Asks: 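Can you read through this structure? Questions will come right after.
For ligands, and for the atoms within them, numbers begin at 1 and follow the listed sequence. Atom set for the values below is all heavy atoms of this structure, side chains included, hydrogens, waters and symmetry mates excluded. Quick caveat: nothing in here was measured; it's all calculated off a predicted structure.
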Amino acid sequence: MAKSLFIKTYGCQMNVYDTDRMADILAPLGYAMTHTAEDADMVILNTCHIREKAAEKVFSELGRLRALKDAKAARGETMILAVAGCVAQAAGQEIVRRAPYVDMVFGPQTYHRLPEMVGQAARQTGTVLDTDFPVESKFDFLPEATRVEASSAFLTIQEGCDKFCTFCVVPYTRGAEFSRPPREVVAEARRLAENGAREITLLGQNVNAYHGELDDGGQWGLGRLIREIATIDGVSRIRYTTSYPAEVDDQLIAAHRDVPQLMAFLHLPVQSGSDRILAAMNRRHTAGQYRELVARLREARPDIALSSDFIVGFPGETEEDFELTMSLIRDVGFIQAFSFKYSPRPGTPAAAMPAQVPEDTKTHRLAQLQGLLEQQQIKFNETCVGRDMAVLLDRPGRHSGQLVGRTPYMQAVHVTAPDHLLGTVNVLRIYSAQTNSLAGTLLHDQLDNTRQTGSVERTLTA
Ligand code: 5AD
Ligand code: SF4
């Protein structure tokens with residue numbers, strides 16, 4: 001009999017990918033995805049541990065779900081309740097202890113064992129806990145990924161991180177770096193394209209540390225992999241995230257120069273502009289090296305734009321350190337960023353460092369930094385007015401007859417266009433800009449597989 005499954009996803013795009021794969025693996029057991037927890041037969045919280053109080057938020061959500069589970073039980077029905085993802089990995093035992101009504105707790109590396117866990121949960125009382133870092137790779141056991149809900153799809157190619165930035169929990173929750181073999185990745189990309197994906201975003205905690213092993217024992221880095229994916233019919237856009245500056249190699253820079261499908265937009269977290277703070281963060285790059293890297297990327301791809309992650313108020317950060325970060329933001333001209341107040345994560349080295357920065361200083365610095373970034377974003381959006389830009393129309397707009405899409409720089413664009421253009425790349429002339437979106441008019445249809453620069457005039461004649 002058909003059963004319903006609700007998965008609530010927190011955090012990064014890798015969790016979004018994992019959620020889809022959990023749905024794939026549970027489908028043969030009769031579970032179909034639903035959009036609310038209310039009457040679901042199984043509810044999974046796919047959690048994120050990067051922020052402060054992540055575990056507490058999970059416990060309060062579990063409290064709410066327990067009421068739903070009890071209400072179902074009173075009607076003689078069951079609800080399987082599960083916690084997955086990085087909070088499960090980091091705090092599995094605590095969940096079992098504090099929320100014994102949870103049926104299953106499992107980490108990001110073991111969800112391929114979900115069918116067994118569901119069986120076990122039905123047979124036993126108490127919680128099934130599986131937070132191993134197994135020797136086998138889950139990718140060898142998952143069904144083929146085909147879920148494509150929009151014209152843009154995620155594809156996990158790499159997982160884990162060996163960098164141990166002193167503020168970060170990822171190396172502890174996601175484990176050591178692992179790359180999927182190119183053969184597997186390319187086959188998955190092909191299936192996604194056959195199922196309607198026009199844009200593929202390659203995912204990894206440290207995606208450019210990718211080193212996939214070939215059948216003959218050789219290896220491919222990310223640059224080589226991107227070249228291969230670009231040969232697949234129907235793939236008109238390639239992106240990758242998240243990268244680590246010290247791992248950007250010549251091959252990857254060359255891919256930005258040579259592969260037209262590789263978007264001229266790169267999310268390259270820098271965290272700080274102060275060498276002293278970068279060293280304390282164990283980032284393995286200086287602000288100067290980051291600037292040089294950006295210069296080399298710009299030389300390879302002059303229209304490239306950058307986005308980044310920043311942490312303000314890392315232990316020991318002075319006003320002078322913070323000003324160095326502000327200068328770096330101006331010099332590089334980031335057009336977008338995610339920025340955070342430093343928050344101590346238990347068990348990470350930075351949490352025990354002296355000179356923790358007061359909360360109000362962090363709040364003040366964050367507001368300044370976000371103010372500057374917003375100005376730069378608005379300025380960049382304004383420079384787009386009057387330009388012709390390639391836009392992947394990927395969803396219906398709020399009003400009928402309207403579609404919404406993304407430029408190469410991830411800006412949202414609203415346009416009046418017929419529905420049959422959904423899922424295609426089109427050239428739009430941009431006529432207005434707001435902080436978070438643009439508006440354009442349709443110029444040409446179906447630009448798929450041509451070079452999509454920010455300004456497309458030169459490519460349309462190429
Ligand atoms: N405090 C604040 N921000 C953090 N990030 C990771 N750990 C912390 C922390 N302890 C931010 C970093 C990273 C992004 C995903 O989250 O900027 O790049
Ligand atoms: Fe965390 Fe990224 Fe540093 Fe790895 S490289 S420890 S994922 S911030």
Side-chain angles (χ1 to χ4, degrees), residues 9-16 47-57 85-87 89-90 108-109 156-179 201 203-210 222 240-248 266-274 277-285 287 289-290 293 306-317 321-322 325 328-329 334 336-353 355-359 361-363 365-366 369-370 373:
T9 313
Y10 300 81
C12 67
Q13 291 149 331
M14 308 223 14
N15 270 11
V16 175
T47 59
C48 168
H49 199 238
I50 203 106
R51 302 275 157 260
E52 207 173 8
K53 303 200 184 92
E56 288 316 310
K57 284 181 196 143
C86 293
V87 174
Q89 189 66 45
Q109 306 309 338
T156 294
I157 65 167
Q158 184 277 342
E159 277 198 272
C161 179
D162 302 338
K163 303 296 182 285
F164 291 93
C165 298
T166 54
F167 52 81
C168 184
V169 287
V170 167
Y172 311 97
T173 56
R174 287 270 171 170
E177 286 174 7
F178 164 80
S179 300
T201 302
L203 297 180
Q205 262 89 31
N206 235 299
V207 73
N208 60 326
Y210 180 82
L222 181 60
Y240 61 91
T241 199
T242 296
S243 307
Y244 187 70
E247 296 255 23
V248 176
L266 179 57
H267 181 65
L268 192 60
V270 63
Q271 315 295 357
S272 168
S274 154
I277 297 299
L278 288 168
M281 288 175 163
N282 188 31
R283 285 291 291 180
R284 309 174 201 207
H285 61 79
Q289 285 165 336
Y290 188 90
L293 182 56
L306 284 109
S307 120
S308 203
D309 288 349
F310 295 94
I311 295 178
V312 299
F314 187 81
E317 187 188 70
D321 294 317
F322 175 66
T325 303
L328 183 73
I329 294 174
F334 294 103
Q336 205 252 316
F338 300 105
S339 49
F340 314 95
K341 291 189 227 178
Y342 169 71
S343 87
R345 314 300 298 117
T348 58
M353 286 181 186
Q356 298 283 329
V357 174
E359 197 57 28
T361 310
K362 290 184 198 170
T363 305
R365 289 182 188 163
L366 188 67
L369 186 145
Q370 290 182 339
L373 277 157

Asks: Is N15 reaching over with its side chain to a backbone N or O of T47, donor-acceptor style, under 3.5 angstrom?
Replies: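 It does hold such a pair.
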Asks: Will you find, in the side chains of S339 and Q370, an N or O donor that is under 3.5 Å from an N or O acceptor?
Replies: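 There is such a pair (donor and acceptor under 3.5 Å, judged by atom type) between the side chains of S339 and Q370.
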Asks: Considering non-hydrogen atoms of the protein only, which is the closest contact for atom 4 (Fe) of ligand 2, and what is the distance?
Replies: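 That would be C161 SG, 2.2 Å.
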Asks: Check P171 against ligand 2 and report side chain, backbone, both or neither, counting heavy atoms closer than 4.0 Å.
Replies: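 Answer for P171: side chain.
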Asks: Can we call the ring centroids of F334 and F310 under 6.0 Å apart?
Replies: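 F334 vs F310: aromatic centres under 6.0 Å.
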Asks: If you count the atoms of ligand 2 from 1 in the order shown, which ones are under 4.0 Å from a heavy atom of F167?
Replies: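 By the 4.0 Å cutoff, the relevant atoms are 8 (S).
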Asks: Applying the side-chain contact (heavy atoms from CB on, under 4.5 Å) criterion to I50, which one of S343, C86, C168 satisfies it?
Replies: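 Of the listed residues S343, C86, C168, the side-chain contact (heavy atoms from CB on, under 4.5 Å) partner of I50 is C168.
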Asks: Which residue holds the protein heavy atom closest to atom 13 (C) of ligand 1, what is that atom called, and what is the gap in Å?
Replies: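 Answer, as residue, atom name and distance: D309 OD2, 3.5 Å.
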Asks: Is R283 reaching over with its side chain to a backbone N or O of P245, donor-acceptor style, under 3.5 angstrom?
Replies: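 Not at all, since once roles are kept as given, no pair shorter than 3.5 Å links the two residues.
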Asks: For atom 1 (N) of ligand 1, what's the nearest protein heavy atom and its distance?
Replies: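 Here the closest protein heavy atom is S343 N, 3.0 Å.
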Asks: Anything under 30° is parallel, anything over 60° is perpendicular, the rest tilted; go ahead and classify F314 against F167.
Replies: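 Judged by the thresholds at 30° and 60°, the geometry between F314 and F167 is perpendicular.
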Asks: Is there a donor-acceptor pair under 3.5 Å between the side chain of E177 and the backbone N or O of D162?
Replies: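 Flag set: sc E177 to bb D162 pair under 3.5 Å.
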Asks: For ligand 2, which atoms, with element, lie under 4.0 Å from some heavy atom of Y244?
Replies: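 Every atom of ligand 2 under 4.0 Å from some heavy atom of Y244: 5 (S).
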Asks: For atom 6 (S) of ligand 2, what is the closest protein heavy atom, and at what distance to 0.1 Å?
Replies: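 For atom 6 (S) of ligand 2, the nearest protein heavy atom comes out as C165 N, 3.3 Å.
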Asks: Find all atoms of ligand 2 within a distance of less than 4.0 Å from any non-hydrogen atom belonging to N206, and give their numbers and elements.
Replies: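 Reading through ligand 2 atom by atom, the close ones are 4 (Fe), 5 (S).
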Asks: Whether K362 and E317 form a salt bridge (side-chain N of Lys/Arg under 4.0 Å from carboxylate O of Asp/Glu) is what I want to check.
Replies: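 Salt bridge absent between E317 and K362.
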Asks: Taking atom 12 (C) of ligand 1 as the point of reference, which of M281, H267, Q271, K362 owns the nearest heavy atom?
Replies: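 Selected option, by shortest heavy-atom distance: Q271.
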Asks: For atom 4 (C) of ligand 1, state which one of T348, T242, I311 supplies the nearest heavy atom.
Replies: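 Among T348, T242, I311, the closest heavy atom to atom 4 (C) of ligand 1 belongs to I311.
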Asks: Report the part of F340 in contact with ligand 1, treating N, CA, C, O as backbone and CB onward as side chain, heavy atoms under 4.0 Å; options are side chain, backbone, both, neither.
Replies: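 Answer for F340: side chain.
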Asks: Under 4.0 Å from a heavy atom of K341: give me the atoms of ligand 1 that qualify, with their elements.
Replies: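 By the 4.0 Å cutoff, the relevant atoms are 1 (N), 2 (C).
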Asks: Any atoms of ligand 2 less than 4.0 Å from a non-hydrogen atom of F164? List them with their elements.
Replies: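 Close to F164: 6 (S).
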Asks: Say whether F167, considering both its backbone and side-chain N or O atoms, lies within less than 3.5 Å of an N or O atom on ligand 1.
Replies: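 Among all N and O atoms of F167, at least one is under 3.5 Å from an N or O of ligand 1.
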Asks: Is the distance between atom 1 (Fe) of ligand 2 and the nearest N/O/S atom of C168 smaller than 2.8 Å?
Replies: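 C168 does place an N, O or S atom closer than 2.8 Å to atom 1 (Fe) of ligand 2.
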Asks: So, does S308 use its side chain to make a donor-acceptor pair with the main chain of V270 at under 3.5 Å?
Replies: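 Here the side-chain-to-backbone pair exists.
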Asks: Decide whether an N or O pair under 3.5 Å exists between R345 and ligand 1.
Replies: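 The answer is no, given that R345 and ligand 1 share no N or O pair closer than 3.5 Å.
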Asks: Using the benzene-type ring in the case of Trp, are the ring centres of F164 and Y172 under 6.0 Å apart?
Replies: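 Between Y172 and F164, which both carry aromatic rings, the centre distance is below 6.0 Å.
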